[in-house]
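Below: the structure, in structure tokens.
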Amino acid sequence: FTDDEVRRIISAAPEPLSTIVAITAVLGLRIGETLALRKSDVDFARHVIHIRQSVDAATREVQAVKSKASSADLPMPSGLERRLKAHLARHDAASELLFGNRNGRPFNANKLRTRQLHPLLDSLGIERGGFHSMRHGAASSLLSDGATPAVVQRQLRHSDARITLGIYGHVIGDEQRNAVQTRSARLVH
């Protein structure tokens, strides 16, 4: 998803989907990591979110993250911090999970996608994609904004930068044309 599409999704989505999308898209998390976040993983004093666990898509059981590299403390930008404080103010105090269902269990990512995200995308006229498309969009956007591959690799928590660049570094829209135009303007008068 492009940044514009993600903005539209966040604006139109009901809660908690809106906050789930915001966290996933801003931080480039895997949906299982987002759905496994606990209140204790959000550190407002240090402005970080601790990524330590993930929800298995098939069993919905909370387990360790995908790899050693996946476990990390990620910066929490101020906009996301405000959104999380508002979410916690509405949060069911009984659940330790940030996004637990009425039974206190993690949401089912497949049901969120098919029952909430896809109908929302259809209503907004945005091509259907899943939550992982937000991870791809985050990587592409960070690279487009000038973040180094090393920074994006660290944010996505890949063990190898080749994964970050080869799989997630999409060229969006006119980026290539704009990049070449900018270079030409510096070199050719």
Side-chain angles (χ1 to χ4, degrees), residues 1-55 65-67 69-91 95-100 106-107 109 112 116-117 120-121 124 126 129-159 161 163-165 167-173 175:
F1 296 111
T2 66
D3 286 353
D4 180 60
E5 289 169 335
V6 172
R7 258 191 309 279
R8 291 174 52 212
I9 295 165
I10 291 170
S11 293
E15 287 297 344
L17 180 62
S18 180
T19 301
I20 290 169
V21 168
I23 291 172
T24 303
V26 169
L27 299 180
L29 297 184
R30 297 171 183 94
I31 187 61
E33 295 166 343
T34 301
L35 297 178
L37 286 172
R38 299 163 294 196
K39 291 184 281 189
S40 59
D41 292 325
V42 181
D43 185 341
F44 291 113
R46 292 182 48 226
H47 310 286
V48 298
I49 296 177
H50 308 289
I51 309 302
R52 299 289 184 267
Q53 55 190 20
S54 185
V55 174
V65 288
K66 185 176 177 181
S67 68
S70 295
S71 181
D73 293 342
L74 298 180
M76 179 175 28
S78 58
L80 198 53
E81 185 172 332
R82 284 190 301 277
R83 177 172 282 276
L84 284 168
K85 285 180 178 178
H87 173 73
L88 286 169
R90 299 183 300 268
H91 189 270
S95 177
E96 173 60 19
L97 290 172
L98 274 181
F99 306 109
F107 280 114
L112 275 178
Q116 291 190 37
L117 181 61
L120 178 63
L121 295 174
L124 294 171
I126 298 172
F131 291 102
H132 207 71
S133 297
M134 293 172 200
R135 184 170 166 82
H136 283 256
S140 297
S141 184
L142 288 167
L143 289 166
S144 175
D145 290 343
T148 66
V151 167
V152 179
Q153 173 191 357
R154 186 169 185 142
Q155 184 65 33
L156 294 183
R157 293 152 297 111
H158 288 142
S159 57
I163 295 169
T164 308
L165 293 172
I167 297 174
Y168 291 89
H170 306 285
V171 176
I172 298 175
E175 285 182 30

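Please read all numbers here as calculations on a predicted model, not as lab measurements.
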Measure the shortest side-chain to side-chain distance between Phe107 and Val55 over non-hydrogen atoms and say whether it is less than 4.5 angstrom. no
Gap separating the CZ atom of Arg83 from the CE atom of Met76, nearest 0.5 angstrom: 14.0 Å
Could you walk me through whether Leu37 and Ile51 pass the side chain to side chain contact (heavy atoms under 4.5 Å, CB included) check? CA-CA 7 Å; Leu37 286 172; Ile51 309 302; 3.9 Å; yes
What's the separation between atom CG in Leu98 and atom CD1 in Ile20, rounded to the nearest 0.5 Å? 9.5 Å
Between Ala13 and Leu120 the two heavy atoms that sit nearest each other are CB-CD2, 3.6 Å
Say whether, by atom type as modelled, one donor and one acceptor occur between the side chain of Arg135 and the main chain of Leu156 under 3.5 angstrom. yes
Over all heavy atoms of both residues, which pair between Gln116 and Pro14 is shortest? Give the atoms and the distance, please. OE1-CG, 4.4 Å
Atom of Ala25, atom of Ala138 and distance for their closest heavy-atom approach: O-CB, 3.3 Å
Any chance you could lay out the side chain to side chain contact (heavy atoms under 4.5 Å, CB included) test for Phe44 and Leu88, step after step, and finish with the verdict? CA-CA 12 Å; Phe44 291 113; Leu88 286 169; 3.7 Å; yes
Is Glu96 reaching over with its side chain to a backbone N or O of Ser40, donor-acceptor style, under 3.5 angstrom? yes
I want to check something: taking the side chain as every heavy atom from C-beta on, are Pro75 and Gln155 in contact at a cut-off of under 4.5 Å? yes
Test log, rule side chain to side chain contact (heavy atoms under 4.5 Å, CB included), inputs Leu117 and Met134: CA-CA 12 Å; Leu117 181 61; Met134 293 172 200; 4.1 Å; yes
The reported gap from OG in Ser133 to CD1 in Ile9 (rounded to nearest 0.5 angstrom) is 9.0 Å
Nearest heavy-atom approach of Gly32 to Ser54 is C-OG, 3.3 Å
Atom CG in Asp41, atom CG in Leu84: separation rounded to 0.5 Å? 11.0 Å
Has the side chain of Ser140 got a donor or acceptor atom that lies under 3.5 Å from a matching backbone atom of His136? yes
Determine whether Glu81 and His47 satisfy the following criterion, side-chain hydrogen bond (donor to acceptor under 3.5 Å, both in side chains), listing intermediate values before the conclusion. CA-CA 8 Å; Glu81 185 172 332; His47 310 286; 2.7 Å; yes
Heavy atoms only: give me the nearest Pro77-Leu27 pair and the separation to one decimal. CD-CD2, 4.3 Å
Quick one: closest heavy-atom pair of Pro106 and Leu97, and the distance? N-CD1, 3.5 Å
Find the distance between CZ (Arg8) and CG (Asp3) and round it off to the nearest 0.5 Å. 13.0 Å
How about Ile23 and Phe99: do any of their side-chain heavy atoms sit closer than 4.5 Å? yes
Any chance you could measure Gln153, atom CD, to Leu142, atom CG, to the nearest 0.5 Å? 13.0 Å
Using the salt bridge (Lys or Arg N to Asp or Glu O under 4.0 Å) rule, take Asp73 and Arg157 through it: C-alpha gap first, then chi angles, then the decisive distance, then the call. CA-CA 10 Å; Asp73 293 342; Arg157 293 152 297 111; over 6 Å; no
